[in-house]
Amino acid sequence: MLDIRWVRENAEAVKTAMINRNAEVDVDAVLVFDNRRREIIVEVDGLKAERNKISKSIGLMIKEGKDPEAIKAQVREMGEKIAVLDEEQREVDAQLRDALLYIPNLPANTTPVGKDESDNPVVRSWGEKVAFDFEPQMHWDLGETLQLFDLERGAKIAGSGFPLFTGRGAKLERALIQFMLDLHTEEHGYIELATPFMCNETAMTGTGQLPKFAEDMYTVSLDGLYPVPTAEVPVTNMYGNEILDQELPIKHTAYTPCFRREAGSAGKDTRGLQRVHQFDKVEMVKFTTPETSAEEHEKLTLDAERVLQKLGLHYRVIELCTGDLGFSAAKCYDIELWTAAQEKWLEVSSCSNFHDYQARRANIRYRNEDGKTTFVHTINGSGVALPRLVIALLENNQTADGSIDLPEALWPYMGGLQKLL
RNA sequence: GGAGAGGUGUCUGAGUGGUUUAAAGAGCACGCUUGGAAAGCGUGUGUGUGCUUAACGGUAUACCGAGGGUUCGAAUCCCUCCCUCUCCGCCA
């Protein structure tokens with residue numbers, strides 16, 4: 001959520017930012033709500049001040065044995081006026097908040113201006129494309145042949161997009177999760193969390209999934225809960241409505257399954273494990289001061305990259321331009337893995353700096369050096385998402401005989417297994 | 001799921017309709033005192049919003065789990081909900 005005072009004073013800058021984002025936002029409507037809200041407050045607070053004063057004098061009159069009935073009538077009238085204004089303020093507050101919740105974050109001034117994904121610059125890349133001296137197989141064929149997953153039976157249980165991993169495939173999932181959690185906790189200084197896999201509406205609103213993207217979420221309507229679309233939601237919101245007294249940055253990592261309806265993307269790149277409704281992911285989340293968030297964002301991105309480096313997978317980092325930036329993000333790097341059989345880049349991580357946008361929605365603050373309560377900056381990134389990581393491992397590490405060479409970093413996690421065959 | 005007890009500031013904890021402007025204590029900060037420290041003494045010690053100010057601030061209002069209601073006036077009375085604890089039931 002944007003700071004309404006800032007919007008009030010920088011309406012033109014907000015409008016420009018929204019144009020750069022290709023976002024249709026009625027900034028003027030927000031300003032109208034804001035004006036009306038302040039008008040009401042001036043009037044109603046004045047009335048309340050008067051009422052408080054008179055009410056107190058009624059107490060004194062009763063003590064002195066005087067009859068307060070005449071004054072009571074007068075205050076009652078005032079109370080009716082206050083009730084009307086209170087009600088209107090509630091309405092305007094709700095309208096203003098709702099309008100603000102639908103305004104995306106302002107892009108950081110370092111975020112490149114651009115129209116869509118074709119304007120996203122490549123920041124850097126690591127490793128090289130694998131060259132085969134045989135015809136490489138697609139991961140969906142490798143997976144079925146090696147009995148790592150059984151997508152048909154997964155679909156039988158829950159529907160397409162709900163992968164069923166089997167045998168060594170299931171173990172590979174578990175190994176990758178453990179490998180990543182160990183890396184982030186032991187070498188990158190993150191504190192591990194095991195969170196609820198469902199969140200309520202407040203939490204989903206805090207990080208920006210709601211209200212705008214309700215149709216992307218699964219719902220458990222009987223209980224008002226949402227299966228988490230990312231660990232970002234529980235981890236960020238765990239500090240909601242708090243003034244943090246720990247030293248910043250706070251760094252957390254957590255594994256959760258992620259549930260996404262993927263509404264509107266039916267049929268797009270869905271073969272195999274490329275786009276699924278349920279997937280495993282290890283997430284990193286940081287809470288920082290405004291001064292250090294840019295630096296911590298860069299570091300977090302490098303932490304995600306180390307996962308891929310240790311696994312020896314060729315990747316590139318691109319920076320999202322204003323037109324492609326996610327709703328809540330001010331700045332974002334995507335990390336994409338090269339898949340050697342399909343010969344395309346697959347996004348496995350999205351590392352975003354949200355500035356104080358989520359902190360304002362979720363009300364997460366700290367005391368700065370002057371002792372003033374200030375919104376923290378939140379940063380998060382996948383470190384990393386599993387199914388596409390598995391795709392790259394299968395396609396890139398396959399050999400002529402159809403087996404898969406496992407990277408050395410995974411051997412201990414696979415019980416010493418070095419090869420899937 | 002049933003029955004009961006609770007939820008007050010950083011913490012402990014008083015407060016069942018009217019100077020409560022939320023007592024008191026602890027903690028914390030600052031000051032005095034001291035060779036230095038402790039003790040002692042003194043002062044201060046939340047959050048949001050509005051108005052005002054160049055700023056420090058000032059001022060009004062709201063906040064005692066959340067949201068409604070009754071009343072001239074609510075931490076206090078009423079309603080709904082949430083959470084915690086104890087016991088029972090069910091259960092991995």
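Quantities reported herein were computed from a predicted structural model and do not represent experimental measurements. Below, chain A is the first sequence line, B the second, and so on; all start at residue 1.
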Pair pattern of RNA chain B in dot-bracket, where unpaired bases get dots and | marks partners in another strand, Watson-Crick or G-U under 3.5 angstrom: ((((((((.[[[..)..(.....]]]((((((.......))))))(((((((....))))))).[[[[[..)....]]]]])))))))....
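Within 4.0 Å of A:Leu60, counting heavy atoms only, lies no atom of the nucleic acid at all. Counting non-hydrogen atoms under 4.0 angstrom, A:Ser57 reaches nothing in the nucleic acid. When heavy atoms are screened at a 4.0 angstrom cut-off, A:Ile54 is found touching no nucleic acid atom at all.
Here, B:A22 and B:U76 have their C1' atoms 12 Å apart, quoted to the whole Å. When the C1' atom is used for both B:U10 and B:U71, the distance is 35 Å, rounded to whole Å. Distance check on atom C1': B:G27 versus B:C82 gives 31 Å, rounded to whole Å. Remark: the separation of the P atoms in B:A26 and B:G44 is 16 Å, to the nearest Å. The same atom, P, is picked in B:G65 and in B:C72; the two are 25 Å apart, to the nearest Å. Between the P atoms of B:U8 and B:G67, the separation comes to 16 Å (whole Å). Nucleotides B:G9 and B:A66 are separated by 10 Å at their P atoms, to the nearest Å. Comparing the C1' positions of B:G40 and B:C56 gives a spacing of 33 Å, expressed to the nearest Å.
Inspection of the A:Arg360 and A:Asn363 side chains reveals no N or O donor paired with an N or O acceptor under 3.5 Å. Using a 3.5 Å distance cut-off with no hydrogens or angles, the side chains of A:Arg261 and A:His277 do not pair a donor with an acceptor.
Heavy-atom neighbours of A:Arg153 CZ from other residues, nucleotides or ligands within 6.0 Å: at or below the threshold of 12. At most 12 non-hydrogen atoms from other residues, nucleotides or ligands lie less than 6.0 angstrom from NZ of A:Lys81.
Contact between the side-chain N/O atoms of A:Arg365 and the OP1/OP2 oxygens of B:G48 is found at a separation under 4.0 Å. In this model, the phosphate group of B:G50 is approached by a side-chain N or O of A:Arg8 to a distance below 4.0 Å at OP1 or OP2. Proximity of A:Arg37 to the phosphate of B:G50: a side-chain N or O atom is located under 4.0 Å from OP1 or OP2. Using a 4.0 Å cut-off, no side-chain N or O of A:Asn52 falls inside it from OP1 or OP2 of B:G73. Under 4.0 angstrom from either OP1 or OP2 of B:C51 there lies at least one side-chain N or O belonging to A:Arg38. Remark: A:Arg5 is in phosphate contact with B:U49, judged by side-chain N or O atoms under 4.0 Å from OP1 or OP2. Note on A:Arg51: a side-chain N or O is less than 4.0 Å away from OP1 or OP2 of B:G73. Look at A:Thr202 and you won't find any side-chain N or O under 4.0 angstrom from OP1 or OP2 of B:A66. Between B:G73 and A:Arg76, no contact under 4.0 Å exists linking OP1 or OP2 to a side-chain N or O.
Looking at which nucleotide of RNA chain B each of A:Ile4 and A:Ile243 is closest to, the 5′-most match is held by A:Ile243.
Proximity note for A:Lys72 (side chain, C-beta onward) versus B:G68, B:U47, B:C72: the nearest is B:C72. For A:Lys48, counting side-chain heavy atoms from C-beta on, the closest listed nucleotide (B:A62, B:A60, B:G73) is B:A62. In the set B:C72, B:U47, B:G50, B:U47 carries the atom at the smallest distance from any side-chain atom of A:Arg367. When each of B:U61, B:G18, B:U21 is scored by its nearest atom to the side-chain atoms of A:Ile58, the top-ranked nucleotide is B:G18.
Here B:G73 presents its C1' atom at 14 Å from CD of A:Gln74, a figure rounded to the nearest Å. A:Met78 places its CE atom 17 Å from the P atom of B:U71, with the value rounded to the nearest Å. B:C72 atom P lies 17 Å from atom NZ of A:Lys81, rounded to whole Å. Atoms CG (A:Asp93) and C1' (B:U49) sit 9 Å apart, rounded to a whole Å. Going from atom CD of A:Glu80 over to atom P of B:U70 covers 11 Å, rounded to whole Å. Residue A:Asp45 contributes atom CG, which lies 11 Å from atom C1' of B:U59 at whole-angstrom precision.
Judged by distance alone, with hydrogens and angles left aside, the side-chain atoms of A:Asn105 form no donor-acceptor pair with the main-chain N or O of A:Phe327 at under 3.5 Å. The backbone N or O of A:Asp405 lies less than 3.5 Å from a partner atom in the side chain of A:Asn397, making a donor-acceptor pair.
Put simply, CG on A:Asn120 and CD on A:Glu336 are 8.5 Å apart, with the number rounded to the nearest 0.5 Å.
A salt bridge is absent between A:Glu296 and A:Lys251: the closest approach of a Lys/Arg side-chain nitrogen to an acidic carboxylate oxygen does not fall below 4.0 angstrom.
Here A:Tyr218 and A:Tyr226 keep their ring centres 6.0 angstrom or further from each other.
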